[in-house]
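Working notes, structure below.
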Amino acid sequence: MSIQRVHNFNPGPGALPLSVLEEAARDLVCHPDSGMSIMEMSHRSDEWIARQDALTASLRRVLGVPEDMDILYLQGGASLQFAMVPLNLLAKGEAADFVVTGTWAVNAVKEARKVGRVAFEAASSAATGFDRIPEGLSLNAESRYLHYTSNNTIFGTAFSAPPDGGGKPLVCDASSDILSKPFDFGGHDLVYAGAQKNMGPAGVTIVFVRRGLLGRVGADVPTMLAYKTHAEKDSAYNTPPVWSMYIVGLVLGWVEAQGGLEAIEALNKAKAALIYDAIDASGGFFVGTVQRGSRSRMNVTFRLGSEELEELFLSEAGEAGFAGLRGHRSVGGCRASLYNALPMESARALVDFMGDFRRRRG
Ligand SMILES: *Cc1c(COP(=O)(O)O)cnc(C)c1O
């Protein structure tokens with residue numbers, strides 16, 4: 001491709017592997033096996049059904065999804081899951097515990113309450129500005145599950161291991177770290193993730209849910225909001241987001257070609273270590289915003305000495321070919337999102353740029 005691609009540190013939608021984009025571009029107008037674009041294909045055609053089955057098989061293989069979990073392809077983003085999870089796993093008035101680690105967890109609590117379910121805050125790091133993963137949970141006996149956000153995209157924190165729900169089933173919003181490392185579904189009843197951070201383009205949200213849970217509640221749940229509807233119809237009760245799903249399939253193929261999730265994790269660890277080391281070695285010119293033990297490998301958040309200096313850094317970075325480094329609008333500062341498809345060379349280039357900027361402006 002002749003157009004110069006930037007170093008893409010966008011927080012979501014985020015970078016996709018170049019080879020995936022090139023393959024998708026080739027197939028955009030006409031997939032060679034089909035004589036048409038995947039976008040133009042009936043979701044009820046044998047060809048699409050075979051493609052979707054292959055996608056599901058890839059997800060099971062790459063992520064190790066247990067056989068007793070269904071995989072659903074939904075729309076509405078992780079944000080719709082904040083309501084769908086309690087609607088489907090809790091009867092009216094039933095309760096769940098939440099670990100409140102940032103904006104997305106706060107929204108999950110809000111939506112659970114909106115749909116008439118009880119949401120307990122088992123732990124929260126709100127008091128310290130969500131700069132850490134809180135320690136110690138006060139679980140409520142009547143809660144049916146514990147909800148947590150494995151990686152906090154906005155604040156830059158991540159769980160290094162799932163929280164201990166004391167035997168309670170876990171529900172995980174894994175939107176921003178799914179596919180970034182091996183994942184243990186053990187102990188989890190439900191895991192959900194929007195695709196647009198590590199898995200593919202926006203438009204599809206993937207839900208992994210224990211089949212046994214699907215019939216428990218839901219008579220009063222609108223058809224489209226009931227997992228059972230989608231599970232019984234293989235996610236084709238209505239038209240699924242076929243193009244986004246197709247790209248997720250290409251991304252999974254790319255992950256396997258990289259050596260699978262162990263190899264991807266090693267690369268992600270190395271990228272994050274580079275950036276954190278640059279921050280830590282800057283003599284306070286760059287300052288990380290979260291406690292060391294809670295640092296995310298996906299979203300590295302940091303500040304400079306003043307907002308003016310941050311603006312200068314962001315604008316010079318933009319001119320130098322680095323995109324997406326501005327912190328979330330709710331928190332300010334800077335954030336480097338290091339999703340799977342961000343190459344090591346982009347992380348190295350950012351470290352060089354940070355060092356250069358510090359020498360000129362420090
Ligand atoms: C991006 C994100 C969301 C919101 O996703 P939408 O697809 O915009 O609804 C929720 N949770 C986490 C952890 C995220 O990173």
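Each ligand, and each atom within it, is numbered from 1 in the order the structure gives. Bear in mind the structure is a predicted one, so any value in this text is a computation, not a measurement.
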Under 6.0 Å between the ring centres of Phe208 and His188? no
Considering the heavy atoms of Ser176, write down every atom of ligand 1 situated less than 4.0 Å from one of them. 13 (C), 15 (O)
Is it the case that the side chains of Asp70 and Tyr227 hold a donor-acceptor pair, with the cut-off being a distance below 3.5 Å and no angle test? no
For the ring pair Phe285 and Phe302, is the centre-to-centre distance below 6.0 Å? no
Can an N or O of Ala78 be found at a distance shorter than 3.5 Å from an N or O of ligand 1? yes
Quick one: look up the protein heavy atom nearest atom 7 (O) of ligand 1 and list residue, atom name and how far away it is. Gln196 NE2, 2.9 Å
Tell me, please: is Gln81 in heavy-atom contact with ligand 1, that is, under 4.0 Å? no
Glu265 versus Pro182, closest heavy-atom pair with distance: OE1-CD, 3.5 Å
Using a strict threshold of under 4.0 Å (side-chain N to carboxylate O), is an ion pair present between Asp280 and Arg292? yes
Give me the residue, atom name and distance of the protein heavy atom closest to atom 9 (O) of ligand 1. Ser79 OG, 2.6 Å
A student checking ligand 1 against Asn151 at a 4.0 Å heavy-atom cut-off should list atoms 13 (C)
When you look for heavy atoms under 4.0 Å from ligand 1, do you find them on the side chain of Tyr192, its backbone, both, or neither? neither
For atom 2 (C) of ligand 1, what is the nearest protein heavy atom, given as residue, atom name and distance? Lys197 NZ, 2.6 Å
Could you tell me whether Thr149 and ligand 1 have an N or O pair separated by under 3.5 Å? no
Show the atoms of ligand 1 that are less than 4.0 angstrom away from any heavy atom in Phe82. 10 (C)
Between ligand 1 and Thr153, is the shortest N or O to N or O distance under 3.5 Å? yes
Answer with yes or no whether Ile154 contacts ligand 1, where contact means a heavy atom under 4.0 Å from a ligand atom. no
List the steps, then state whether side chain to side chain contact (heavy atoms under 4.5 Å, CB included) holds for Leu261 with Val62. CA-CA 7 Å; Leu261 294 183; Val62 172; 3.9 Å; yes
Are Glu22 and Arg26 within salt-bridge range, i.e. N to O under 4.0 Å? no
Atoms in ligand 1 with a heavy atom of Gly77 nearer than 4.0 Å: 7 (O), 9 (O)
Examine ligand 1 and decide if any of its atoms is less than 4.0 Å from a heavy atom belonging to Ser175. yes
So, Asp68 and Arg211, do they make that salt bridge, N to O below 4.0 Å? no
Nearest protein heavy atom with distance in Å, relative to atom 11 (N) of ligand 1: Asp173 OD2, 2.7 Å
Looking at Arg360 and Asp356, does any basic side-chain N land under 4.0 Å from a carboxylate oxygen? yes
Could you tell me whether Glu311 and Arg326 have a side-chain N and a carboxylate O separated by less than 4.0 Å? yes
